[in-house]
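Here is the structure we will look at.
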Amino acid sequence: MVTEKTIREILSEVKDPEIPVLSLEDMGIIRDITISSPTEIIVTITPTYSGCPAMDTIADDIESALMEAGFSPTVKTTLDPPWTTDWMSEEGRKKLEDYGIAPPQKGSHNKRSLFGKAPEVRCPHCKSMNTAMLSQFGSTPCKSLYKCQDCFEPFDYFKCI
Amino acid sequence: MAQASEKYVLRLADNILILGQRLGEWCGHGPVLEQDIALTNIALDLIGQSRMLYQYAAEIRNDGSTEDDLAMKRDVFDYYNCLLVEQPNGDWGKTIVRQFFFDTYHYYLQEFLVNSSDQRLSEIARKSFKEVAYHAQYSAEWVIRLGDGTEESHQRVQSSVNDLWTFTGELFTPDELDREMQEQGIGPDLDVIAANWNKKVNEILEIATLQIPEETFMQSGGKQGEHGEYLGFILAELQFMQRAYPDMKW
Ligand SMILES: [Zn+2]
């Protein structure tokens with residue numbers, strides 16, 4: 001008997017192609033799993049950023065992982081409710097910081113003002129709060145670029161949406 | 001249940017595809033690496049958002065067309081973007097002013113569309129709005145930095161404000177389709193969007209020590225498919241592969 005748990009275990013091995021320490025589960029992008037027959041599985045995911053080029057790869061990776069396990073998967077996409085960084089798991093946040101990326105702050109669902117102050121972010125290397133934003137836009141759509149004023153290392157901050 | 005017309009969805013999509021394409025021209029040419037990355041990130045967001053709209057427009061069209069057909073196989077007169085977004089990048093200041101005018105409009109438009117009576121448009125807007133808020137903040141901050149910067153940056157960015165002002169009226173001038181969408185609760189009352197836009201733009205330009213041009217003549221036609229000379233060149237580049245190798249896939 002196939003259960004959702006079995007499927008989730010298989011999917012926990014599928015990583016975000018751009019941040020390979022995070023699983024899709026950590027990211028909170030798997031929105032639904034429907035088992036329509038013993039072999040047919042429908043996985044519904046939601047995109048992180050609209051232009052995230054990793055989404056197509058993610059869908060392919062889910063399909064391959066399930067096919068390897070003997071299922072015939074279909075991957076669907078849903079937009080609503082829109083993904084928010086609040087859905088990232090605690091474990092995911094911890095892994096992100098260990099990987100050198102400052103995790104997103106909680107409470108991003110509050111409406112942003114047009115002139116919000118840059119959030120205070122902890123340096124993932126030396127844990128100092130004495131950091132400054134260099135650029136709102138970083139190496140991928142989901143990140144801002146920060147620098148630490150104590151250890152002088154630049155780092156990425158996973159920005160809130 | 002309310003459903004937008006295909007043309008209305010295409011207008012929304014074309015604006016951000018064309019602006020995304022323009023911003024992409026900066027890739028590798030930005031004044032500093034961080035800003036090069038910022039503009040291409042914004043381009044990526046916009047093109048990603050346009051894909052969701054093209055997918056929807058293709059579903060409304062319902063003749064087997066795909067999002068790619070809509071982006072890659074229409075010619076100039078079937079593109080409904082506003083004239084503002086097709087204006088050339090110019091210098092950094094001009095790109096920023098164009099972005100600021102558009103982002104501010106886009107922000108208030110998305111804010112409305114979040115509650116559009118067209119459920120799909122509402123879903124897409126819920127997704128896009130959070131990204132657009134970042135764009136609007138970014139371009140407004142740059143207008144201030146340049147306007148209240150050096151004598152040269154001030155003068156350059158003021159001349160871009162003067163040049164681009166004439167393309168802003170079109171955003172807020174409703175035509176029959178805009179009114180029809182407004183009546184059905186699908187699209188906004190453009191007077192309301194205009195009031196919000198004017199308030200924000202006035203506020204930012206004042207902080208930036210910039211003047212709003214007195215000239216009031218406004219260009220129009222883009223959203224009806226009447227474009228200036230630039231769009232053809234943009235499409236030639238955007239659509240080159242599909243024109244040279246029809247239906248080729250990546
Ligand atoms: Zn540090």
B:Ile124 versus chain A, the contacting section by heavy-atom distance below 4.5 Å: both
Would you call A:Lys5 and A:Glu9 a salt bridge, using N to O less than 4.0 angstrom? yes
Side chain, backbone, both or neither: which part of A:Pro81 has a non-hydrogen atom closer than 4.5 Å to chain B? neither
Between A:Arg8 and A:Glu4, is there a side-chain N and carboxylate O pair less than 4.0 Å apart? yes
Top of A:Thr77, A:Thr140, A:Leu134 for chain B proximity - count of heavy-atom pairs under 4.5 angstrom: A:Thr140
With only heavy atoms counted, which part of A:Ser135 is less than 4.5 Å from chain B, the side chain, the backbone, both or neither? side chain
Look at A:Ser144, A:Pro47, A:Pro82, A:Ser50 and state which one has the largest set of heavy-atom pairs under 4.5 Å with chain B. A:Ser50
Keeping A:Arg93 on the side-chain end and A:Met88 on the backbone end, is there a donor-acceptor pair under 3.5 Å? yes
Contacting region of A:Thr78 [heavy-atom separation from chain B under 4.5 Å]: neither
For B:Arg74 and B:Leu70, indicate whether the former's side chain and the latter's backbone hold a donor-acceptor pair under 3.5 Å. yes
Using a strict 4.0 Å threshold on nitrogen-to-oxygen distance, state whether B:Lys73 and B:Asp247 make a salt bridge. yes
Among the listed options B:Glu123, B:Glu131, B:Glu34, the residue most often paired with chain A at heavy-atom distances under 4.5 Å: B:Glu131
Sidechain N-carboxylate O distance under 4.0 Å for B:Glu203, B:Lys200: yes
Just give me the residue among B:Leu44, B:Thr40, B:Asn41, B:Leu39 that pairs up with chain A most often, heavy atom to heavy atom, under 4.5 Å. B:Asn41
